[in-house]
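The chain is numbered in sequence order, starting from 1.
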Amino acid sequence: MYLEKERELPVIAKTQVLVCGGGPAGVGAAVRASQLGVKTMVVEMQDCLGGVATAGMMSHWTGWSSSKILHQIQSRCEKKGKALGWIDQKDVRDITIDQEIMKIVLNEMALENGIELLFYTMICGAIVEDGEIKGVIVENKSGRGAILADVVIDATGDGDVAAYAGVPYYKGREEDGKMQPCTLMFKVGGVDYSHAVLPPSFETRVETEKGELQSLAKEFLPFPAGHVLLYPQHTPGTVCCNMTNAINVDATDGFSLTKGMLTCRSQIEPIIKFLREYAPGYENCWLMGSASLIGIRETRHFEGLEKLTPDDILKARYFDNWVVRYASFNFDVHNMSGASLDETGVQAKWNQPDAYSIPYGCLLPVNVESLLLSGRNISGTHLAHSNYRVMPIAMALGEAAGTAAALKLKQRLKSLRDVSVKEIQSIVGE
């Protein structure tokens with residue numbers, strides 16, 4: 001044990017709304033709060049906004065929600081992409097992500113809205129007084145310091161701020177704590193689109209001259225890799241690969257997270273060799289690049305005033321106090337003991353009747369004032385989380401959090417619990 005000497009920390013910034021994490025949830029929160037006229041700052045550990053959508057090299061927006069800001073981003077990316085060299089391809093859907101163009105678009109949106117950005121910065125503590133968060137402790141190349149804020153939005157994914165602030169949580173699956181595996185996305189070039197296979201799901205079967213592709217992957221790829229998920233991109237001959245796999249990783253533990261990254265990166269070369277040998281259209285493919293941010297699907301689930309359950313999703317429950325509408329996806333549980341879909345996951349046989357809503361209480365932690373949960377760290381069960389964790393829903397949750405924060409401050413309310421849900425709905429709804 002080493003006892004660090006007590007020291008005074010400089011207050012490096014003060015703001016009205018502090019958004020911790022610049023991924024989809026953080027972007028939604030910051031843009032909406034700033035558009036509503038409150039001073040907003042984003043602290044992000046990467047060198048860009050977007051999280052998994054940019055630094056994580058995610059291939060496409062999967063799932064859907066009522067997010068208005070997502071529509072703005074997609075429209076701006078399309079215009080920017082055509083100016084910077086997108087090639088129109090019939091096989092590329094509107095939801096495909098060009099990660100480099102999105103970095104530029106998100107920067108522009110932040111600066112246009114007066115959002116203060118602080119990159120390369122880690123959250124390493126929360127400042128809580130009498131049950132109310134007052135700011136966070138951060139560290140970067142400048143050293144250690146404090147950022148004070150009237151409202152803090154935790155959009156870190158793992159809920160780092162809420163954990164430091166003492167909000168109760170559990171990790172992973174309720175019965176055993178197991179968490180979904182992590183993935184490092186990468187891109188290959190040199191793909192012949194004229195006959196390339198592009199299986200979009202675990203349950204997509206692709207028959208080739210050498211056998212069924214998913215079965216071949218289980219046989220020849222290094223465990224726990226063993227599935228084929230390939231997605232087209234806007235640039236000719238480019239495909240995004242969602243095929244690396246690391247199980248038994250706790251992304252809230254630095255050593256475990258490092259092990260997960262090493263495992264995933266070690267699988268890239270065998271995967272490319274496999275694609276050249278067994279996947280039609282990939283005979284001459286080559287590695288273009290890999291993500292700098294590993295994709296983490298699951299860590300902490302926090303205790304909020306309300307908790308979203310699988311039954312809420314399956315029955316498409318409509319909450320009177322909704323702050324997200326039209327949330328739509330499946331139970332996307334990746335296998336926690338190997339490759340492909342977990343036995344609890346449902347994709348091809350998903351028959352949920354309609355989109356569902358998410359209530360405001362899922363964003364409000366039970367015991368800390370002036371703090372909002374946003375993104376995959378909201379209050380919900382393991383199985384429900386496998387649905388709402390996707391980026392479009394996370395962005396909508398961010399919009400709701402940013403709206404609630406702005407309304408509290410502009411109306412000088414004592415508590416986030418006093419914010420009118422009807423007013424939130426009037427801003428984020430359609």
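Donor-acceptor pairing under 3.5 Å is lacking for the side chains of Ser256 and Asp250. For the 3.5 Å distance criterion, the side chains of Asp98 and Gln233 fail to qualify, holding no donor opposite an acceptor. A donor and an acceptor atom, one from each side chain of Thr244 and Arg265, are nowhere located under 3.5 Å apart.
Between Trp64 and Tyr326, the ring center distance fails the sub-6.0 Å criterion.
In Asp418, the CG atom is crowded: over 12 heavy atoms of neighbouring residues, nucleotides or ligands sit closer than 6.0 Å. The 12-atom threshold is exceeded at CZ of Arg7, counting heavy atoms of other residues, nucleotides or ligands nearer than 6.0 Å. Heavy atoms of other residues, nucleotides or ligands lying less than 6.0 angstrom from NZ of Lys103 number more than 12. Heavy atoms of other residues, nucleotides or ligands lying less than 6.0 angstrom from CD of Glu269 number 12 at most.
Ring geometry for His227 versus His334: interplanar angle over 60°, hence perpendicular rather than tilted (30 to 60°). Taking the six-membered ring where the residue is Trp, His301 and Tyr170 present tilted rings, their angle falling between 30° and 60°. Taking the six-membered ring where tryptophan is involved, the planes of Trp322 and Tyr318 are tilted, since the angle between them lies from 30° to 60°.
Among all heavy-atom pairs drawn from Pro310 and Thr381, the shortest one is CD-OG1, 3.2 Å.
Looking at Arg297 and Ser386, their side chains never come closer than 4.5 Å, going by heavy atoms from C-beta outward. Residues Val167 and Asn367 are in side-chain contact: their nearest non-hydrogen atoms beyond the backbone lie under 4.5 Å apart. Inter-residue side-chain proximity for Phe331 and Ile313 is flagged as met; some heavy-atom pair is nearer than 4.5 Å.
Exactly one residue among Asp158, Asn377, Thr156, Asp253 makes a side chain to side chain donor-acceptor pair (under 3.5 Å) with Thr299. That residue is Asp158.
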